[in-house]
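Data block below; observations after.
In listed order, ligands and their atoms are each counted from 1. In this text, all values refer to a predicted model and were calculated from it rather than measured experimentally.
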Amino acid sequence: MTDIYLAGIKGGMKDEPKKFARWRSEMVEKQIVSRGVTDPLVLQAMVKVPRHLFVSEALVDSAYGDFPLPIGEGQTISQPFIIAEMSQCLELKGHERVLEIGTGSGYQAAVLAQIAYKVYTIERNNTLFLQTRKLFDKLKYYNIVTRYSDGTQGWKEESPFDAIMVTAGGQQIPAPLIDQLSIGGRLVMPVGGTFSQELLKLEKTETGIKTSNLGACRFVKLIGQHGWDE
Ligand code: SAH
């Protein structure tokens, strides 16, 4: 498996020190493949996206560690394995329009942008929104569209979406997001209390909605009309 996805893939940016590509490969091998993520598109995306550019300079050397990291404004970027697992469960092939709620550092959106056709991402914190919008431009992620608003209401004008990922936890899946998911679409979101949640995957079919539980997780709060109060 490892040989297949790593063969011929040159992770990395043109001008970055070589250690970063090595750290990324190690991250994918030791934290992600070893825990059972197999989707080659997800693994390739994570070998490529320079996670260290999505954290503050002081955290660059910790960027590929097996843990979440602070990104300012009291928010966090998820552990690499969680990013991989959530990405895999959207079952992306390349043609999809994906909605992400909670842009944060932009790392998750950048991973999705490697795999999907277009990523729509919403952030409610203006500081993070502005900072990350700038970063997407700098890194030339031209298939990521950003919006500053309450993501619990979705993005109606651009709906329906083939896949939706919510990267903050709420008591339930916001109804507008289920409405804005296409038939055959997948949605993933942490659902539960403020301290811990269960990662839920929802599949929308002609006949109804199928939900599966991917296990316990811990995310920051989803704040908004269909989420927690501020
Ligand atoms: N996907 C991000 C994770 C950031 S943490 C990354 O890769 O870095 C979750 C983010 O969700 C925070 O930035 C928080 O401000 C944002 N958030 C919380 N509630 C939101 C809402 N209703 N709409 C949009 N963003 C929200």
Side-chain angles (χ1 to χ4, degrees), residues 27 32 42 45-46 48-56 59-60 62-65 67-90 98-116 119-136 139 141 144-156 158-159 161 163-178 180 187-192 194 196-197 199 217-230:
M27 170 190 83
I32 298 175
V42 172
M46 294 189 66
K48 268 197 193 152
V49 177
R51 182 168 160 102
H52 64 281
L53 299 183
F54 292 82
V55 298
S56 65
L59 295 175
V60 161
S62 318
Y64 297 98
F67 36 75
L69 287 170
I71 55 170
E73 302 293 305
Q75 308 301 318
T76 51
I77 177 174
S78 297
Q79 176 192 14
F81 167 66
I82 295 290
I83 302 266
E85 188 176 54
M86 288 175 80
S87 303
Q88 173 169 269
C89 87
L90 294 183
V98 182
L99 174 66
E100 183 203 22
I101 311 303
T103 314
S105 70
Y107 177 70
Q108 174 71 75
V111 168
L112 294 172
Q114 298 287 326
I115 313 172
V119 178
Y120 298 79
T121 181
I122 306 179
E123 175 56 56
R124 71 176 289 278
N125 178 292
N126 196 244
T127 304
L128 290 172
F129 166 75
L130 292 173
Q131 185 179 303
T132 302
R133 174 67 264 166
K134 234 195 254 165
L135 184 65
F136 288 148
L139 299 179
Y141 283 103
I144 302 178
V145 193
T146 58
R147 178 174 178 171
Y148 170 55
S149 69
D150 170 15
T152 68
Q153 300 176 50
W155 194 328
K156 198 159 194 308
E158 295 293 350
S159 67
F161 297 95
I164 300 180
M165 181 185 289
V166 185
T167 64
Q171 302 111 297
Q172 70 270 314
I173 299 174
L177 299 184
I178 300 177
Q180 293 173 28
L187 178 153
V188 64
M189 171 175 166
V191 176
T194 52
S196 73
Q197 307 89 31
L199 198 53
C217 57
R218 188 167 180 194
F219 278 77
V220 295
K221 279 202 280 186
L222 179 71
I223 298 169
Q225 194 187 338
H226 302 272
W228 297 100
D229 293 334
E230 202 151 344

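In this structure, of Glu123, Glu100, Glu73, Gln75, the residue bringing a heavy atom nearest to atom 16 (C) of ligand 1 is Glu123. Of the candidates Ile82, Thr167, Ile71, Thr127, Thr167 brings a heavy atom nearest to atom 9 (C) of ligand 1. Around atom 8 (O) of ligand 1, the closest heavy atom drawn from Ser78, Ala168, Ser105, Pro70 belongs to Ser105. Comparing heavy-atom distances from atom 4 (C) of ligand 1 across Val111, Ile77, Thr132, Thr76 singles out Thr76 as nearest. Taking only non-hydrogen atoms, the option from Arg147, Gln108, Glu230 nearest to atom 7 (O) of ligand 1 is Gln108.
Using a 4.0 Å cutoff on heavy atoms, Ile83 does not count as a contact of ligand 1. Residue Ser149 places a heavy atom under 4.0 Å from ligand 1. No heavy atom of His226 sits closer than 4.0 Å to any atom of ligand 1. Using a 4.0 Å cutoff on heavy atoms, Met165 does not count as a contact of ligand 1.
Contact between Gln171 and Val191 at its shortest, heavy atoms only, is O-CG1, 3.3 Å. Across all their heavy atoms, Trp228 and Gly192 have their closest contact at CZ2-O, 3.6 Å. When all heavy atoms of Pro190 and Leu199 are compared, the pair lying nearest together is N-CD1, 3.9 Å.
Using a 30° and 60° split on the angle between ring planes, Phe161 and Tyr120 fall in the perpendicular class, above 60°.
In the model, Arg218 has no side-chain atom that pairs as donor or acceptor with a side-chain atom of Ser196 under 3.5 Å.
In Asn126, the CG atom is crowded: over 12 heavy atoms of neighbouring residues, nucleotides or ligands sit closer than 6.0 Å.
The nearest protein atom to atom 20 (C) of ligand 1, hydrogens excluded, is given as Arg124 CD, 3.3 Å; this is a heavy-atom distance. Looking from atom 11 (O) of ligand 1 to the surrounding protein, the closest heavy atom is Gly102 CA, 3.2 Å.
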Q | Residue pair Leu177, Thr152: steps toward the side-chain contact (heavy atoms from CB on, under 4.5 Å) verdict | A | CA-CA 7 Å; Leu177 299 184; Thr152 68; 5.9 Å; no
Q. For Thr121 and Ile144, what are the C-alpha separation, side-chain angles and deciding distance, and is it a side-chain contact (heavy atoms from CB on, under 4.5 Å)?
A. CA-CA 7 Å; Thr121 181; Ile144 302 178; 3.7 Å; yes
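In terms of polar-atom proximity, defined here as any N/O pair under 3.5 Å, Asn125 makes no such contact with ligand 1. Looking at ligand 1, you'll find an N or O of Gly151 within less than 3.5 Å of one of its N or O atoms. Residue contacts with ligand 1: Ile223 is placed with a nitrogen or oxygen under 3.5 Å of a nitrogen or oxygen of the ligand (distance criterion only).
Less than 4.0 angstrom separates some heavy atom of Thr103 from each of these atoms of ligand 1: 1 (N), 2 (C), 6 (C), 8 (O). Remark: ligand 1 atoms within the under-4.0 Å shell around heavy atoms of Val220 are 5 (S), 9 (C). Each of the atoms 7 (O) of ligand 1 lies under 4.0 Å from some heavy atom of Tyr107. Close approach of ligand 1 to Thr152 (heavy-atom distance below 4.0 Å) involves ligand atoms 22 (N). Close approach of ligand 1 to Ile122 is summarised as follows: ligand atoms under 4.0 Å from at least one heavy atom of the residue are 24 (C), 25 (N). Taking a cut-off of under 4.0 Å to the non-hydrogen atoms of Lys221, the atoms of ligand 1 that pass are 18 (C), 19 (N).
Under the 3.5 Å distance criterion, the side-chain polar atoms of Thr76 are left unmatched by any main-chain donor or acceptor of Leu69. Judged purely by atom type and a 3.5 angstrom limit, Asn125 has no side-chain atom pairing as donor or acceptor with the backbone of Gly104. Listed for the Trp155 side chain is no donor-acceptor partner under 3.5 Å among the backbone atoms of Glu100. Looking only at distances, a side-chain donor or acceptor of Gln197 sits under 3.5 Å from a matching main-chain atom of Phe219.
Proximity of Leu128 to ligand 1, defined as any heavy-atom pair under 4.0 Å, is confined to the side chain (atoms from C-beta onward).
Salt bridge status for Arg124 with Glu73: absent, with no side-chain N to carboxylate O gap under 4.0 Å.
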